[in-house]
Amino acid sequence: MEKINLINVYDTLQKKYGDKNLNSVYGGGCIKSPKVCFVFMNPTAKNIATAKSWKGVRYQWLGTKPIWKFFNKLGLISDELNNEIQNKKAADWTNEFCIEVYNEVKNNKFYITNLAKCTQADARHLSDSVFLEYKKYLLLELEQVNPKKIVFFGNQVSSIMLNQNISVSNCRNQKFNLEINNKNFDCYAVYYPVGNGFFNVDKAIEDLNKILK
């Protein structure tokens, strides 16, 4: 399945599971064998790309701040870019700046995506059944991107993708195997580092500093 077909699928599923007044959001960054792929839950409506009026790129976390501070602490984006992000209001993110941010993601060899691409108007949790419908498409996406390592954030995403009941607190730094089309990928379950999971951000950074070595 080609990338454009995945985008069409994600936009169709937005109409089924997301807010019809918002856009779905796709993965972005290094799309050819990145060092690591980070998989979050589903997009936040705080992302400026979810607005129907937005005509630019539709990648994860555009117009937000905490996640970029997190990536900066991991050494994945520069102090200079992070400072610019932290001092910029969401309304001031232009398409050109979004591309600049993701060019740095690309150059630093990582890829950011979500299991589900549907955006809700609020912060409600998606059911396992919705995530499971997206799973087959994420597997195709991961196969196409071909990351060296995959990091699943949070218990729910990790459990669904790894086909077992995962508690991140009980498997810190544990390597799991995910087979996609006869290819094996090294995977890790890590604390969700933003939103309600912010209180675990230091543990997420500690674990990722080991995983990413």
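Small disclaimer: the values here were computed from a predicted structure and weren't measured.
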With a 4.5 Å heavy-atom cut-off, do [X] and [Y] have their side chains touching?
X	Y	result
Val201	Val194	no
Ile211	Val36	no
Met41	Phe153	no
Leu76	Asn72	no
Val25	Cys118	no
Glu100	Glu84	yes
Trp68	Trp61	yes
Tyr134	Leu13	yes

Rounded to the nearest 0.5 Å, what separates atom [atom1] in [X] from atom [atom2] in [Y]?
X	Y	atom1	atom2	value
Glu206	Lys73	CD	NZ	13.5 Å
Asp128	Phe131	CG	CZ	8.0 Å
Phe38	Thr113	CZ	OG1	12.5 Å
Asn82	Glu104	CG	CD	9.5 Å
Asn5	Tyr137	CG	OH	10.5 Å
Leu126	Leu132	CG	CG	11.5 Å

Linking I/L/V/M/F/W/Y whenever their side-chain heavy atoms sit closer than 4.5 Å, directly or via other members, would Leu22 and Leu62 fall into one cluster?
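In one cluster with Leu22: Leu62, no.
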Is a side-chain donor or acceptor of [X] paired with a backbone partner of [Y] at a separation under 3.5 angstrom?
X	Y	result
Gln14	Lys20	no
Asn200	Tyr192	no
Asn107	Asn103	yes

Which heavy atom in [X] sits nearest to a heavy atom in [Y], and how many Å separate them?
X	Y	answer
Pro147	Leu142	CD-O, 3.4 Å
Lys148	Ser33	NZ-O, 3.4 Å
Thr119	Ser24	OG1-CA, 4.1 Å
Trp93	Thr64	CZ2-O, 3.7 Å
Leu208	Val151	CD2-CG2, 3.8 Å
Pro34	Lys109	CB-O, 3.4 Å

Validate the cation-pi geometry between Lys35 and Phe110: distance from NZ or CZ to the six-membered ring centre under 6.0 Å, angle to the ring axis within 45°.
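No.
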Which residues pass the salt bridge (Lys or Arg N to Asp or Glu O under 4.0 Å) test with Asp79, sequence neighbours left out?
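Testing Asp79 for salt bridge (Lys or Arg N to Asp or Glu O under 4.0 Å), a comparison that skips the adjacent residues, returns none.
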Go through the steps to decide whether Trp54 and Asn95 satisfy the test side chain to side chain contact (heavy atoms under 4.5 Å, CB included), and finish with yes or no.
CA-CA 9 Å; Trp54 178 256; Asn95 184 51; 4.1 Å; yes
Between Asn155 and Ser158, does a side chain to side chain contact (heavy atoms under 4.5 Å, CB included) hold up when you go through it step by step?
CA-CA 5 Å; Asn155 295 338; Ser158 300; 5.9 Å; no
Just to verify, what does Thr44 make a side-chain hydrogen bond (donor to acceptor under 3.5 Å, both in side chains) with, not counting sequence neighbours?
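So Thr44 forms no side-chain hydrogen bond (donor to acceptor under 3.5 Å, both in side chains) with any residue.
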Among all residues two or more places apart in sequence or in another chain, which pass the side-chain hydrogen bond (donor to acceptor under 3.5 Å, both in side chains) test with Glu133?
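Per chain and number, Glu133 pairs via side-chain hydrogen bond (donor to acceptor under 3.5 Å, both in side chains) with Lys16, Tyr17.
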Determine which pairs satisfy salt bridge (Lys or Arg N to Asp or Glu O under 4.0 Å) with at least one residue from residues 48-71, sequence neighbours left out, and list them in order.
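Applying salt bridge (Lys or Arg N to Asp or Glu O under 4.0 Å) to every pair that reaches into residues 48-71, excluding sequence neighbours, yields Asp11-Arg58.
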More than 12 heavy atoms of other residues, nucleotides or ligands under 6.0 Å from NZ of Lys15: yes or no?
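12 or below, so no.
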In this structure, are over 12 heavy atoms from other groups packed under 6.0 Å from Glu179 atom CD?
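Yes, CD of Glu179 has more than 12 neighbouring heavy atoms, counting only those of other groups under 6.0 Å.
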Show me the donor-acceptor pairs within less than 3.5 Å that the side chains of residues 160-171 make with the rest of the protein, sequence neighbours left out.
unit_1: Asn163; atom_1: OD1; unit_2: Lys135; atom_2: NZ; d: 2.5
unit_1: Ser167; atom_1: OG; unit_2: Ser169; atom_2: OG; d: 3.1

Full working for side chain to side chain contact (heavy atoms under 4.5 Å, CB included) between Ile112 and Phe40:
CA-CA 8 Å; Ile112 307 170; Phe40 293 89; 3.8 Å; yes
Can we say Glu141 and Lys117 salt-bridge, meaning some charged N sits less than 4.0 Å from an Asp/Glu carboxylate O?
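A salt bridge links Glu141 with Lys117.
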Donor-acceptor contacts, no H, no angles, side chain residues 180-191, under 3.5 Å, sequence neighbours left out:
unit_1: Asn181; atom_1: ND2; unit_2: Glu143; atom_2: OE2; d: 2.8
unit_1: Asn184; atom_1: OD1; unit_2: Asn177; atom_2: ND2; d: 3.2

Are side-chain N/O atoms of [X] and [Y] paired as donor and acceptor at under 3.5 Å?
X	Y	result
Asn114	Gln60	yes
Asn42	Gln120	no
Thr50	Asn23	no

Hey, what's the ring geometry for Tyr59 with Tyr102, parallel, tilted or perpendicular (30° and 60° as the breaks)?
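Rings of Tyr59 and Tyr102: tilted, as their planes differ by 30° to 60°.
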